[in-house]
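First the structure, in the form of structure tokens, and then the observations on it.
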Amino acid sequence: MDIKIAPSILSADFCKLKSEIRSVAAGSDMIHIDVMDGHFVPNISIGVPVVESLAKSITLPLDVHLMIESPEKYITIFADALVSGMTGKTKKDGTGNRDVGRDFITVHAETCGGSGALSGPAGSVEALSEVLKMIKSRGIKTGFSVKPATPIEQYESVLPLADMVLVMTVEPGFGGQKFMDYMMAKVKWLKGKLEESNAGAAGSGAQGSTLTRLLNFDIEIDGGINAETAKIAKESGANVLVAGNYIFKARNRKKAIEALK
Ligand code: DX5
Ligand code: ZN
């Protein structure tokens with residue numbers, strides 16, 4: 001399986017963000033950005049201006065993890081921030097021509113619809129679907145996540161709209177916490193759904209009736225990832241690993257990234 005690594009800049013030195021990102025670029029597939037609002041999670045971190053600056057100055061895809069209430073209110077400005085990096089003119093360092101089709105915006109299912117402005121209440125399948133469609137309409141990849149205490153099965157009907165499903169392996173809000181291995185049940189369930197869908201598509205032959213329901217999403221995990229827990233996650237079916245402390249606090253960041261793959 002192709003394993004993708006997404007260093008979480010929450011553990012980077014914000015005084016020198018660009019060089020911190022450069023230091024992990026080799027071997028990384030995207031840069032994970034934790035956006036926290038102090039309401040959905042008990043911490044406040046990065047906001048729109050930082051995402052915009054990064055979109056304009058780095059070429060790696062960005063993986064924007066929105067840990068915020070009622071994300072429907074902010075999809076437009078985060079999408080605008082990502083799109084601002086697409087100037088159409090490639091600069092010497094490769095920036096300018098970024099393709100938002102490789103970027104992700106991931107929202108938390110629990111709080112989609114919290115504004116009351118969507119077709120379903122907070123946490124509903126309808127609200128989550130609507131938010132994912134908002135993201136998709138901007139040409140950006142869609143992700144949704146659930147907190148450790150939130151069951152994932154209730155969102156099965158939303159899976160066809162997802163390019164990525166993020167399983168939190170810590171309570172969102174802070175880096176450096178302990179990996180919850182019992183979250184692997186969610187990873188395995190997601191992997192099972194992917195396999196069922198692939199088998200269905202293969203079995204449908206020329207009829208292709210089930211092809212329309214084909215699922216195609218990455219399974220990302222976030223929280224407490226190190227070489228040991230990465231192994232558990234990969235064996236369970238995860239293919240995108242977010243890591244903050246393990247990479248940024250390592251003496252040799254390149255080796256740390258390699259150890260996760
Ligand atoms: C936690 C964040 C994570 C965090 C992971 O709420 O979503 O992305 O940065 O940090 P580590 O890898 O240190 O657990
Ligand atoms: Zn995160």
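Predicted model only: the values in this text are computed from it and were never measured. In what follows, every heavy atom counts, from backbone to side chain, and hydrogens, waters and symmetry copies are set aside.
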Exercise for the section: Assess whether side-chain contact (heavy atoms from CB on, under 4.5 Å) is satisfied between Phe14 and Ile46, documenting all intermediate values. Expected result: CA-CA 10 Å; Phe14 283 18; Ile46 297 162; 3.7 Å; yes

Problem - Derivation of the side-chain contact (heavy atoms from CB on, under 4.5 Å) call for Asn97 and Lys91 - result: CA-CA 8 Å; Asn97 70 338; Lys91 291 186 232 151; over 6 Å; no

Exercise for the section: Could you please spell out the steps behind the side-chain contact (heavy atoms from CB on, under 4.5 Å) verdict for Val64 and Val51? Expected result: CA-CA 8 Å; Val64 182; Val51 174; 4.3 Å; yes

Exercise for the section: Take Lys188 and Leu190 through the side-chain contact (heavy atoms from CB on, under 4.5 Å) test and state the conclusion after the steps. Expected result: CA-CA 5 Å; Lys188 286 177 186 162; Leu190 288 166; over 6 Å; no

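Taking hydrophobic clusters as Ile, Leu, Val, Met, Phe, Trp and Tyr residues chained together by side-chain heavy-atom distances below 4.5 Å, Met183 shares a cluster with Leu260. Cluster annotation: Val100 is connected to Ile135 through the hydrophobic network of ILVMFWY side chains, with a link wherever side-chain heavy atoms come within less than 4.5 Å. When hydrophobic clusters are built by joining Ile, Leu, Val, Met, Phe, Trp and Tyr residues whose side-chain heavy atoms come closer than 4.5 Å, directly or via intermediates, Val131 is grouped together with Val146. Residues Trp189 and Val167 are members of one and the same hydrophobic cluster, defined by side-chain heavy-atom contacts under 4.5 angstrom among Ile, Leu, Val, Met, Phe, Trp and Tyr. The same ILVMFWY cluster, assembled from side-chain heavy atoms under 4.5 Å apart, contains both Ile219 and Val158.
Under the 3.5 Å distance criterion, with hydrogens and angles disregarded, no donor-acceptor pair is assigned to the side chains of Glu126 and Ser119. Remark: the Ser11 side chain and the Asn245 side chain contain an N/O donor-acceptor pair separated by less than 3.5 Å.
For the pair Phe179/Met184, a side-chain contact is recorded, criterion being any heavy-atom separation below 4.5 Å from C-beta on. Side chains of His65 and Leu166 form a contact here, defined as non-hydrogen atoms less than 4.5 Å apart. Annotation: side chain of Asn216 is not in contact with side chain of Asp163 (no heavy-atom distance under 4.5 Å). For the pair Ile33 and Phe78, the minimum side-chain heavy-atom distance is 4.5 Å or more. The shortest side-chain heavy-atom distance between Ile68 and His39 does not fall under the 4.5 Å cut-off. Looking only at side-chain heavy atoms (C-beta outward), Glu69 and Asp37 come within less than 4.5 Å of each other. For the pair Thr169/Thr229, no side-chain contact is recorded, criterion being any heavy-atom separation below 4.5 Å from C-beta on. Between Val165 and Phe217 the shortest side-chain heavy-atom distance falls below 4.5 Å.
Listed for the Lys186 side chain is a donor-acceptor partner under 3.5 Å among the backbone atoms of Pro148. Side-chain N or O atoms of Gln177 include none that pairs as donor or acceptor with a backbone N or O of Val170 at under 3.5 Å. Panel note: side chain Ser45, backbone Asp34; a donor-acceptor pair is recorded below 3.5 Å. The backbone N or O of Val242 lies less than 3.5 Å from no partner atom in the side chain of Asp222, so there is not a single donor-acceptor pair. Ser197 places no side-chain N or O within 3.5 Å of a backbone atom of Lys193 that could act as its donor or acceptor partner. Between the side chain of Thr87 and the main chain of Lys89, a donor-acceptor pair closer than 3.5 Å is present. At distances below 3.5 Å, not a single donor-acceptor pair connects side-chain atoms of Lys261 with backbone N or O atoms of Asp2. With Asp63 contributing its side chain and His32 its backbone, the two residues share no donor-acceptor pair below 3.5 Å. Panel note: side chain Ser124, backbone Ala127; a donor-acceptor pair is recorded below 3.5 Å. Put simply, the side chain of Arg253 gets close to the backbone of Phe248: a donor and an acceptor are under 3.5 Å apart.
Asn239 CG to Ile5 CD1: the interatomic distance, rounded to the nearest 0.5 Å, is 10.0 Å. A distance of 9.0 Å separates CD1 of Ile247 from CG of Leu241, quoted to the nearest 0.5 Å. To the nearest 0.5 Å, atom CD1 of residue Ile152 and atom OG of residue Ser145 are 7.5 Å apart. Taken from OG in Ser8 to CD1 in Ile225, the straight-line distance is 11.5 Å, to the nearest 0.5 Å. The NZ atom of Lys73 lies 11.0 Å from the CG atom of Leu118; values are rounded to the nearest 0.5 Å. How far CD1 of Ile105 is from CG of Leu132: 10.5 Å, rounded to the nearest 0.5 Å.
Heavy-atom minimum distance, Tyr74 versus Ser70: CD1-O, 3.8 Å. Of all non-hydrogen atoms in Ile257 and Ala26, the two that sit nearest each other are CD1-O, 3.8 Å. Closest non-hydrogen pair, Val187 versus Ser236, comes out as CG1-O, 3.5 Å. Of all non-hydrogen atoms in Arg138 and Thr76, the two that sit nearest each other are NH1-O, 3.7 Å. The minimum heavy-atom distance linking Tyr246 with Ala256 is given by the pair CE2-O, 3.4 Å. The two residues Gly173 and Asn43 have their closest heavy-atom pair at O-ND2, 2.8 Å.
The salt bridge (charged side-chain N to carboxylate O under 4.0 Å, His left out) search around Lys133 returns none, not counting sequence neighbours. Every residue two or more places apart in sequence or in another chain that forms a side-chain contact (heavy atoms from CB on, under 4.5 Å) with Lys147 is listed here: Phe40, His108, Glu110, Thr150, Glu171, Pro172.
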Show me the donor-acceptor pairs, under 3.5 Å and distance only, between side chains in residues 54-62 and residues at least two apart or in other chains.
{"from": "Lys56", "atom 1": "NZ", "to": "Glu52", "atom 2": "OE2", "distance (Å)": "2.8"}
{"from": "Ser57", "atom 1": "OG", "to": "Ser53", "atom 2": "O", "distance (Å)": "2.7"}

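Salt-bridge annotation for Lys191 and Glu196: absent, with no side-chain N of the basic residue lying under 4.0 Å from a carboxylate O of the acidic one. Electrostatic pairing of Asp218 and Lys141 does not count as a salt bridge here, judged by no charged N lying under 4.0 Å from a carboxylate O.
Residue Lys249 places its NZ atom among more than 12 non-hydrogen atoms of other residues, nucleotides or ligands, all under 6.0 Å distant. By the neighbour-count criterion of 12 heavy atoms within 6.0 Å, atom NZ of Lys254 is sparsely surrounded, having that number or fewer from other residues, nucleotides or ligands. Under a cut-off of 6.0 angstrom, the local environment of CG in Asp80 is crowded, with over 12 non-hydrogen atoms contributed by other residues, nucleotides or ligands. The environment of CD in Glu258 is crowded: more than 12 heavy-atom neighbours from other residues, nucleotides or ligands sit within 6.0 Å.
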